Visitor: 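Below are the structure tokens for one structure; questions will follow.
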Amino acid sequence: MSTSLDPDLLVDWFAAAGRDLPWRRKETTAWGVLVSEIMLQQTPVSRVEPVWLSWMADWPRPSDLAAASQGEVLRAWGRLGYPRRALRLHEAATVIAAEHGDVVPSDVDTLLALPGIGAYTARAVAAFAYGRRCPVVDTNVRRVVARAVHGAGDAGPASSNRDLADVDALLPDEEPKAARFSAALMELGQLVCTARAPRCADCPVLEDCAWQHAGRPAYDGPAKPVQKYAGTDRYVRGLLLEVLRGTVDPVAKTRLDMVWPDGGQRDRCLDSLLVDGLVEQTADGRFALPGEH
Ligand code: SF4
């Protein structure tokens, strides 16, 4: 069973119940929206908000960020995680400053050509910064569409073409309204149609929801991988970077050796940080954030 969603219901709900986040305010530039979208991938709003505010104060235009060193950028990224995002954002800022007149592009194809900008981010920036009509699909949106439109308990494995077409079919025709609808779908998944315990009594589309009409069937698709963090290589990489962010001078290997007991894993992680360009080795064999020594 499959149904459609009333855009007016969702857009009105979003106007009344959507969160007042700094990157959603009228005065926020497209650059501010792009920075927020990169930070919000895999990091919750509460941790992003203070970092985003200080980034926009320090680097209000792409050219400001492009002028900073990679080390400064990694230091300011702090504990947002997945720090390669910071270096890719720095690269994107450099291209925007040099090739796009210091203004974030507004069309999806040009955005996709920027370093580190994937299918989700390009469409999110086009929609949320420029009011374009384009499907913006993240995990939350996939879950809402799976339930409300297709009557399934949860979304199955991602498939970008099918997911984009699915959401595109729901978007109203008018541009600014389509963009608000995209933001509303995402917010609904974040606040109401949550993964574990959807708050259906508070949902603006309760009466049209296919999952309700189907009798709220349990999800019966493939199991989703559970992500753990403590003890993983990503965790150890974070510990090593934390040492380097906390000092202005390069540090000796012995200092890094103190953060994690498993020497093999520690060295593998340090190697991968060097390969990824997140850490550099000085001529005398010490370690530092890139561009800072
Ligand atoms: S009624 Fe419940 S399941 Fe359906 S879209 Fe709303 S929150 Fe999700």
Side-chain angles (χ1 to χ4, degrees), residues 1-21 23-24 36-37 40-49 119-121 123-124 126-128 131-227:
M1 156 161 202
S2 172
T3 181
S4 194
L5 294 176
D6 181 342
D8 289 326
L9 276 179
L10 262 177
V11 167
D12 289 351
W13 170 82
F14 183 56
R19 291 164 296 173
D20 174 27
L21 302 173
W23 44 87
R24 286 183 179 164
S36 74
E37 288 298 341
L40 287 164
Q41 292 165 12
Q42 295 143 321
T43 309
V45 164
S46 57
R47 281 170 56 204
V48 165
E49 200 163 342
Y120 165 79
T121 310
R123 288 175 177 81
F128 304 151
R132 292 290 171 89
R133 181 192 185 282
C134 51
V136 185
V137 182
D138 72 350
T139 316
N140 288 318
V141 169
R142 293 177 63 248
R143 184 173 59 252
V144 172
V145 172
R147 288 177 180 159
V149 178
H150 299 303
D154 204 342
S159 151
S160 42
N161 286 343
R162 191 198 57 214
D163 293 339
L164 287 173
D166 236 15
V167 175
D168 190 67
L170 298 172
L171 292 180
D173 291 336
E174 312 103 277
E175 280 223 302
K177 190 171 177 183
R180 282 199 298 280
F181 178 80
S182 293
L185 260 189
M186 195 175 294
E187 191 80 336
L188 189 70
Q190 182 73 40
L191 300 182
V192 178
C193 194
T194 55
R196 296 228 172 102
R199 296 191 295 110
C200 301
D202 298 328
C203 180
V205 299
L206 171 64
E207 291 191 2
D208 295 327
C209 175
W211 189 58
Q212 300 289 343
H213 288 293
R216 302 170 61 110
Y219 174 68
D220 60 1
K224 304 196 171 167
V226 179
Q227 287 192 340

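Worth saying up front: this structure is predicted, and the values here are computed from it rather than measured. Values reported hereafter were calculated over all heavy atoms of this structure, with side chains retained and with hydrogens, waters and symmetry mates removed. When a ligand or atom number is given, it counts from 1 through the structure's own listing order. Residue numbers count from 1 along this sequence.
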Visitor: Do NZ/NE/NH1/NH2 and the carboxylate oxygens of D163 and R142 come within less than 4.0 Å?
Guide: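 Salt bridge flag = yes for R142 with D163.
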Visitor: Tell me if the CD atom of Q42 is crowded by more than 12 foreign heavy atoms within 6.0 Å.
Guide: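 Enclosed.
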Visitor: Around atom 2 (Fe) of ligand 1, what protein N, O or S atoms are found below 2.8 Å?
Guide: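 Listed by chain and number, the atoms are C200 SG.
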Visitor: Is there a donor-acceptor contact under 3.5 Å linking the side chains of E37 and Y120?
Guide: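 E37 vs Y120: donor-acceptor pair found between side chains.
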Visitor: Within the structure provided, determine whether D8 and K177 are in side-chain contact (heavy-atom separation under 4.5 Å).
Guide: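 The answer is yes; the side chains approach within 4.5 Å.
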Visitor: When you compare the side chains of D208 and H213, does any donor N or O come within less than 3.5 Å of an acceptor on the partner?
Guide: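 There is no such pair (donor and acceptor under 3.5 Å, judged by atom type) between the side chains of D208 and H213.
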Visitor: Can you confirm whether C200 sits close enough to R216 that some side-chain heavy atom of one is under 4.5 Å from a side-chain heavy atom of the other?
Guide: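 Contact flag for C200/R216 side chains = yes.
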